[in-house]
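Data first, discussion second: the structure below is written as structure tokens.
FYI, side chains are in, hydrogens and waters are out, and symmetry mates aren't considered; it's all heavy atoms of this structure.
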Amino acid sequence: FDNTKCKLKGCDQGFHNYIYYSGGLSNVKGIRDVVVHEQGKGIINNLGVLRNKPLKEWGLVEDETMRVLNWDKSVSAVAHQYDRDDELSKHMKGIKRQYLKSYWAEKN
């Protein structure tokens with residue numbers, strides 16, 4: 001924030017790009033290496049960039065299980081910004097409701 005003064009929603013990605021590409025992470029104590037992967041090819045699958053059509057149309061969500069996939073069809077370890085896809089967001093909200101219902105039933 002100190003250099004970019006960014007206060008807008010969503011500018012965190014620009015900030016992260018700035019600190020990476022400007023070398024701001026070089027020689028920082030505790031950071032040995034930073035690796036940038038293409039979308040859908042690393043440990044974190046950033047889905048927010050794929051907003052122009054549903055994730056199923058991209059082939060990145062399994063029909064039966066609703067698991068999020070990488071481009072090589074392996075299951076994504078982390079699906080970031082899954083809420084940008086209407087169907088996947090609805091599915092995840094349903095799972096959350098089920099979990100909370102079970103949790104509170106056990107507590108009472």
Side-chain angles (χ1 to χ4, degrees):
F1 173 78
D2 292 341
N3 291 333
T4 65
K5 307 290 187 220
C6 182
K7 296 180 183 178
L8 300 172
K9 181 180 179 180
C11 69
D12 60 315
Q13 184 63 52
F15 176 74
H16 290 111
N17 289 343
Y18 172 78
I19 61 173
Y20 175 75
Y21 290 108
S22 69
L25 299 172
S26 300
N27 301 316
V28 174
K29 185 177 179 180
I31 298 178
R32 180 173 41 110
D33 193 22
V34 178
V35 178
V36 175
H37 296 275
E38 291 179 43
Q39 191 283 324
K41 294 186 178 183
I43 192 167
I44 299 173
N45 194 343
N46 185 348
L47 302 168
V49 69
L50 303 172
R51 294 184 224 190
N52 58 344
K53 63 183 179 180
L55 292 174
K56 279 190 176 180
E57 288 184 30
W58 288 104
L60 297 178
V61 175
E62 289 181 337
D63 284 328
E64 293 180 19
T65 64
M66 293 297 288
R67 291 189 297 187
V68 176
L69 305 174
N70 294 315
W71 292 111
D72 67 359
K73 302 304 180 199
S74 63
V75 176
S76 295
V78 178
H80 179 55
Q81 296 181 331
Y82 66 84
D83 59 322
R84 304 317 198 264
D85 182 82
D86 291 338
E87 187 177 5
L88 189 56
S89 181
K90 184 178 178 180
H91 174 74
M92 294 305 293
K93 285 178 183 176
I95 289 174
K96 181 180 174 183
R97 276 192 295 277
Q98 282 182 314
Y99 173 79
L100 290 174
K101 184 177 178 181
S102 297
Y103 174 82
W104 288 114
E106 290 177 19
K107 291 286 187 185
N108 295 325

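With rounding to the nearest 0.5 Å, the separation of CE in Met92 from CG in Leu88 is 6.5 Å.
Heavy-atom contacts from other residues, nucleotides or ligands closer than 6.0 Å to CG of Asn52 number more than 12. Within a 6.0 Å sphere centred on CD1 of Ile31, other residues, nucleotides and ligands contribute more than 12 heavy atoms.
Val49 and Leu60 fall within the same hydrophobic cluster, defined by Ile, Leu, Val, Met, Phe, Trp and Tyr side-chain heavy atoms under 4.5 Å apart, directly or through other members. Both Tyr20 and Tyr18 are assigned to one and the same hydrophobic cluster, defined by single-linkage of ILVMFWY side chains at heavy-atom distances under 4.5 Å. Hydrophobic clustering (side-chain heavy atoms under 4.5 Å, transitive across Ile, Leu, Val, Met, Phe, Trp, Tyr) groups Val36 together with Val28.
Residues passing the side-chain hydrogen bond (donor to acceptor under 3.5 Å, both in side chains) test with Lys41 are Glu38, sequence neighbours excluded. The salt bridge (Lys or Arg N to Asp or Glu O under 4.0 Å) search around Asp33 returns none, not counting sequence neighbours. In this structure, Trp58 has no side-chain hydrogen bond (donor to acceptor under 3.5 Å, both in side chains) partners at least two apart in sequence or on a different chain. With sequence neighbours left out, Glu57 forms a salt bridge (Lys or Arg N to Asp or Glu O under 4.0 Å) with no residue at all.
The shortest heavy-atom contact between Ile43 and Ala77 is O-CB, 3.6 Å. The shortest non-hydrogen separation linking Lys56 to Glu62 is CE-O, 4.2 Å.
The side chain to side chain contact (heavy atoms under 4.5 Å, CB included) test with Ser89 is passed by exactly one of His91, Lys93, Glu87: Lys93.
Sorted by first then second residue, the side chain to side chain donor-acceptor pair (under 3.5 Å) pairs that include residues 70-84, not counting sequence neighbours, are Gln39-Trp71, Asn45-Asn70, Asn45-Ser76, Asn70-Ser74, Asn70-Ser76, Asp72-Ser74.
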* To do: Carefully, step by step, assess Leu69 and Val61 under the rule side chain to side chain contact (heavy atoms under 4.5 Å, CB included).
  => CA-CA 6 Å; Leu69 305 174; Val61 175; over 6 Å; no
* Verdict with supporting geometry, Leu55 and Leu47, side chain to side chain contact (heavy atoms under 4.5 Å, CB included) -> CA-CA 8 Å; Leu55 292 174; Leu47 302 168; 3.9 Å; yes
Side-chain donor-acceptor contacts of residues 98-108 below 3.5 Å, not counting sequence neighbours, with atom names and distances?
unit_1 : atom_1 : unit_2 : atom_2 : d
Ser102 : OG     : Gln98  : O      : 3.2
Asn108 : ND2    : Trp104 : O      : 3.1

